[in-house]
Amino acid sequence: MTETRVRIAPSPTGPLHIGTARTALFNYLFARRTGGTFILRLEDTDVARSTVAFEEDILTGLHWLGIQWDEGPDSAGGEDRGPYGPYRQMQRRERYDEAARDLLARDLAYPCYCTAEELEADRKAHEAAHEPPRYVGRCANLTAETRAAKEASGLRGALRFRVPPGVVAFDDLVRGHVEIDAFNLGGDFVIVRSDGTPLYHFVVVVDDAAMDISHVIRGEDHLSNTPKHILLFRALGHDVPAFAHLPLILNPDRTKMSKRKSQTAISDYLAQGFIREALVNYLALLGWSTGTEEEILSLDELSARFDLEHVQKGGAVFDRERLEWLNGQWIRKLEPDDLIERLEPFLQRELDAGRIDRLPDPEELRGLLPIVQERLPRLDAVGDLVGFLWVDDLRPDPALLVPKRWDAATTRDGLATARETIAATVGAVTFEADELEPPLRALAEARGWKVGDLFMAIRVAVTGRTATPPLFDTLVALGRDRTLARLDRAIELLTDVPG
RNA sequence: GCCCCCAUCGUCUAGAGGCCCAGGACGCCACCCUUUCAAGGUGGAGAUCACCGGUUCGAAUCCGGUUGGGGGCACCA
């Protein structure tokens, strides 16, 4: 039995795309499940658009997700690892050149001297005739003399692959039997540019052949290109790998997910406080299911269960709400130290943005976890949730300060008596939630106030917000002195408000 | 335009002839819990399984067609 070898071949012409990440994940999972090898290969033949920065983004993004490859470049500009290297296409030029020479020598490909203008005219003619665009074959049968003359005059031809007539059929692992008439491929297609650089359809095949790829798992957008690839594999005298075309990830309007209509960069999700566990879990479930009702699955669990049989055929709309829900699920599962560590960059960002005045130390953060962890849909929500703990000068909005059923005078009264109650009944050393609550409840009862109103006034006074973690835990987190100071400040603010 | 693929609640999906007048999850709505917000719990609304015709004793599941949607048709990847 031959070894399973799969690959992801991202092109560093943009940041790591959610679709690329999903394809990478499925390939990774398939490799893990089958005990095979997962390869990363950089498709950097589009020199004009490829950059190291994008390469960096893609590699670190995949690393961040926990998707490790067995062969390929470890880091941007880094060393390759694996016996089939190099894994950057720009370093594999000789192989493409050799394959091209081979096809040319066997007349499976031929030089084409058509100008851009000629091709454009052909295209327009087809359009006018309501026919699909196709290469007319002007250079398909040039005599050796004609070619020599063209070359002598300084012309350098592009290399076109001779598309043989006939139906190309294959059994897609997710879609089943697919047949496409080679006639509909648009005629002989260019595999090497006139400047000598190879084109995508050619390099993928040369590389997949050279790297002994056994299964090509990729997006459905390549389904129509598959016959070209199969033809090329055959021409190169190589076994054709198995194909599995994954359903596309869609925008809400059901078109192929795009930057224009959706957030597609993995780094943006990272920046918004999505955690890798949730993203991996979510992506795995976009187009695949366990076949059961389980849905919270770690990368390892997914690796143990993934199969191509349960891959969906229809496209899947990216549902951010569901991702957020999963994110919350996974955040709640994190170990304290882990969560603290992951929260740090987001707190730093709050500080940098001037939304807080100091950074809590890990121990302070740890004490907060019980009231914070289950309230965090994303890591970047930490500032909104408890940022008030680290601001020096809190100025609550007077309008928020006064509960709906109260007026300013009542609120002043409520806050003042609450302040006295807290100051009088609770000592500085034993400032605990359990001790704070009873006397304040008693106060509300004695004055005929709804506890909710009193508590809300206090809440806004000390946090500036109407939605916070439980009040008494919050007061404890704040500490006695700051609690009293903030109550004083709020009372002060209220003196200017009429009523 | 041509070729290919697809089609179950708004969304992600279970379902591989009878277990389904279709199950779960997200979202939504109630209620419970409750000092707010979450989380959690309970319940609810939500799909004539796109449509039509076949096959079959029986179809969401098989076949054909229709409609709709998507993707591909570059000297981009």
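The chains referred to below are lettered A, B, ... by the order of the sequence lines, with proteins before strands, and numbering in each begins at 1.
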Tell me: NE2 of His229(A) to P of C4(B), nearest whole Å?
18 Å

Would you classify Gly287(A) as touching base, sugar-phosphate or nothing, given that sugar-phosphate means primed atoms plus P, OP1 and OP2, and contacts are heavy atoms under 4.0 Å?
sugar-phosphate

Return the nearest nucleotide to the side chain of Glu293(A); candidates are U11(B), G23(B), C26(B).
G23(B)

How far, in whole Å, is G17(B) from G1(B) if one measures between their C1' atoms?
40 Å

Glu98(A) CD: over 12 foreign heavy atoms closer than 6.0 Å
no

Close residues, residues 368-377 of chain A, relative to RNA chain B [heavy-atom separation under 4.0 Å]:
Glu374(A), Arg375(A)

Both conditions, 6.0 Å and 45 degrees, for the charged tip of Arg459(A) above the ring of Phe455(A): are they met here?
no

With a 6.0 Å cut-off (strictly less than), is the heavy-atom count around CZ of Arg156(A), excluding the residue itself, greater than 12?
no

Whom does C20(B) pair with, Watson-Crick or G-U wobble, provided both distances fall under 3.5 Å?
none

Whole-angstrom distance between C5(B) and C9(B), as gauged at atom C1'
24 Å

Arg134(A) charged N/C atom sitting above Phe183(A) aromatic ring, 6.0 Å / 45°:
yes

For A59(B) versus C51(B), give the span between their P atoms, rounded off to a whole number of Å.
15 Å

Can you check ring pair (Phe, Tyr, Trp, His ring centres under 6.0 Å) on Phe318(A) and Tyr282(A), steps first, answer last?
CA-CA 9 Å; Phe318(A) 190 89; Tyr282(A) 181 71; 5.2 Å; yes

Residue mapping more 5' on RNA chain B - nearest nucleotide basis, Leu471(A) or Gly314(A)
Gly314(A)

Is the positively charged end of Arg160(A) above the ring of Tyr135(A), judged by distance under 6.0 angstrom from the centroid and angle within 45° of the axis?
yes

If only atom types and distance count, is the side chain of Thr474(A) paired as donor or acceptor with the main-chain N or O of Pro470(A) below 3.5 Å?
yes

Just checking Arg175(A): base, sugar-phosphate only, or nothing, at a heavy-atom cut-off of under 4.0 Å?
sugar-phosphate

Assign Phe472(A) to base, sugar-phosphate, or nothing according to its heavy-atom contacts below 4.0 angstrom with the strands shown.
base

Whole angstroms only, please: what is the CH2-P distance between Trp449(A) and U35(B)?
18 Å

Rounded to the Å, how far apart are Lys313(A) NZ and C49(B) P?
19 Å

Determine: side-chain N/O of Ser289(A) to OP1/OP2 of A14(B), distance under 4.0 Å, yes or no.
yes

Of the nucleotides G24(B), C6(B), G27(B), which has the atom closest to the Glu295(A) side chain?
G24(B)

As its Watson-Crick or G-U partner within any shown strand, both distances under 3.5 Å, C28(B) has G44(B)

Say you pick atom C1' in U56(B) and the same atom in G18(B); how far apart are they, in whole Å?
12 Å

Testing the 3.5 Å rule here: is there a donor-acceptor pair between the side chains of Thr264(A) and Ser262(A)?
no

Rounded to whole angstrom units, what separation is found between the CG atom of Asp319(A) and the P atom of C9(B)?
14 Å

At less than 3.5 Å, do the side-chain atoms of Arg322(A) and the base atoms of U11(B) form a donor-acceptor pair?
no

Stacked cation flag Lys228(A) on Phe161(A), 6.0 angstrom / 45 deg
no

Could you verify whether a donor N or O on one side chain and an acceptor N or O on the other, from Ser298(A) and Glu301(A), lie under 3.5 Å apart?
yes

Write down the distance separating the P atoms in G27(B) and U34(B), rounded off to the nearest Å.
23 Å

What is the distance, rounded to the nearest whole Å, between atom CG of Asn281(A) and atom C1' of C26(B)?
13 Å

Atom-pair distance (CD on Gln329(A); C1' on A38(B)), nearest Å
12 Å

Whether His201(A) and His229(A) hold their rings parallel, tilted or perpendicular, with breakpoints at 30° and 60°
tilted

N/O-N/O pairs, protein side and nucleotides 69-77 of chain B side, under 3.5 Å:
{"from": "G71(B)", "atom 1": "OP1", "to": "Lys256(A)", "atom 2": "N", "distance (Å)": "2.9"}
{"from": "G71(B)", "atom 1": "N2", "to": "Ser224(A)", "atom 2": "OG", "distance (Å)": "3.0"}
{"from": "G72(B)", "atom 1": "OP1", "to": "Lys256(A)", "atom 2": "NZ", "distance (Å)": "2.8"}
{"from": "G72(B)", "atom 1": "O2'", "to": "Asn225(A)", "atom 2": "ND2", "distance (Å)": "3.4"}
{"from": "C75(B)", "atom 1": "O2", "to": "Ser194(A)", "atom 2": "N", "distance (Å)": "3.0"}
{"from": "C75(B)", "atom 1": "O2", "to": "Ser194(A)", "atom 2": "OG", "distance (Å)": "3.1"}
{"from": "C75(B)", "atom 1": "N3", "to": "Ser194(A)", "atom 2": "OG", "distance (Å)": "3.1"}
{"from": "C75(B)", "atom 1": "N4", "to": "Cys114(A)", "atom 2": "O", "distance (Å)": "2.9"}
{"from": "C76(B)", "atom 1": "OP2", "to": "Arg193(A)", "atom 2": "NE", "distance (Å)": "2.6"}
{"from": "C76(B)", "atom 1": "OP2", "to": "Arg193(A)", "atom 2": "NH2", "distance (Å)": "2.9"}
{"from": "C76(B)", "atom 1": "O3'", "to": "Arg193(A)", "atom 2": "NH2", "distance (Å)": "3.3"}
{"from": "C76(B)", "atom 1": "O2'", "to": "Asp46(A)", "atom 2": "OD2", "distance (Å)": "2.6"}
{"from": "C76(B)", "atom 1": "O2'", "to": "Arg49(A)", "atom 2": "NH2", "distance (Å)": "2.9"}
{"from": "A77(B)", "atom 1": "OP1", "to": "Thr45(A)", "atom 2": "OG1", "distance (Å)": "3.2"}
{"from": "A77(B)", "atom 1": "OP1", "to": "Arg193(A)", "atom 2": "NH2", "distance (Å)": "3.1"}
{"from": "A77(B)", "atom 1": "OP2", "to": "Tyr200(A)", "atom 2": "N", "distance (Å)": "3.0"}
{"from": "A77(B)", "atom 1": "O3'", "to": "Glu43(A)", "atom 2": "O", "distance (Å)": "3.3"}
{"from": "A77(B)", "atom 1": "O2'", "to": "Ser11(A)", "atom 2": "OG", "distance (Å)": "3.4"}
{"from": "A77(B)", "atom 1": "N6", "to": "His201(A)", "atom 2": "NE2", "distance (Å)": "3.3"}

What's the gap between G53(B) and U67(B) when it is taken at their C1' atoms, as a whole Å value?
14 Å

Taking the nucleotide of RNA chain B with the closest heavy atom to each, which residue, Asp473(A) or Glu179(A), is nearer the 5' end?
Glu179(A)

Applying the Watson-Crick and G-U wobble criteria at under 3.5 Å, what pairs with C73(B)? Answer none if nothing qualifies.
G1(B)

Pairing partner (Watson-Crick or G-U wobble, both distances under 3.5 angstrom) of U34(B):
none

Between C37(B) and C28(B), how far apart are the P atoms? Round to whole Å, please.
14 Å

Work out how far the C1' atom of G46(B) is from that of C26(B), and round it to whole angstrom.
13 Å

Between the side chain of Arg482(A) and the main-chain N/O of Leu478(A), is any donor-acceptor distance below 3.5 Å?
yes

Under 4.0 Å between a side-chain N or O of Gln312(A) and OP1 or OP2 of A14(B)?
yes

For Pro469(A), answer base if it contacts any base atom (sugar-phosphate contacts may also be present), sugar-phosphate if it contacts only those atoms, and nothing otherwise; contact means non-hydrogen atoms under 4.0 Å.
base

Whole angstrom is fine here: how far is it from CG in Asp307(A) over to P in A16(B)?
14 Å

Expressed as a whole number of angstroms, how long is the span from Glu131(A):CD to C2(B):C1'?
10 Å

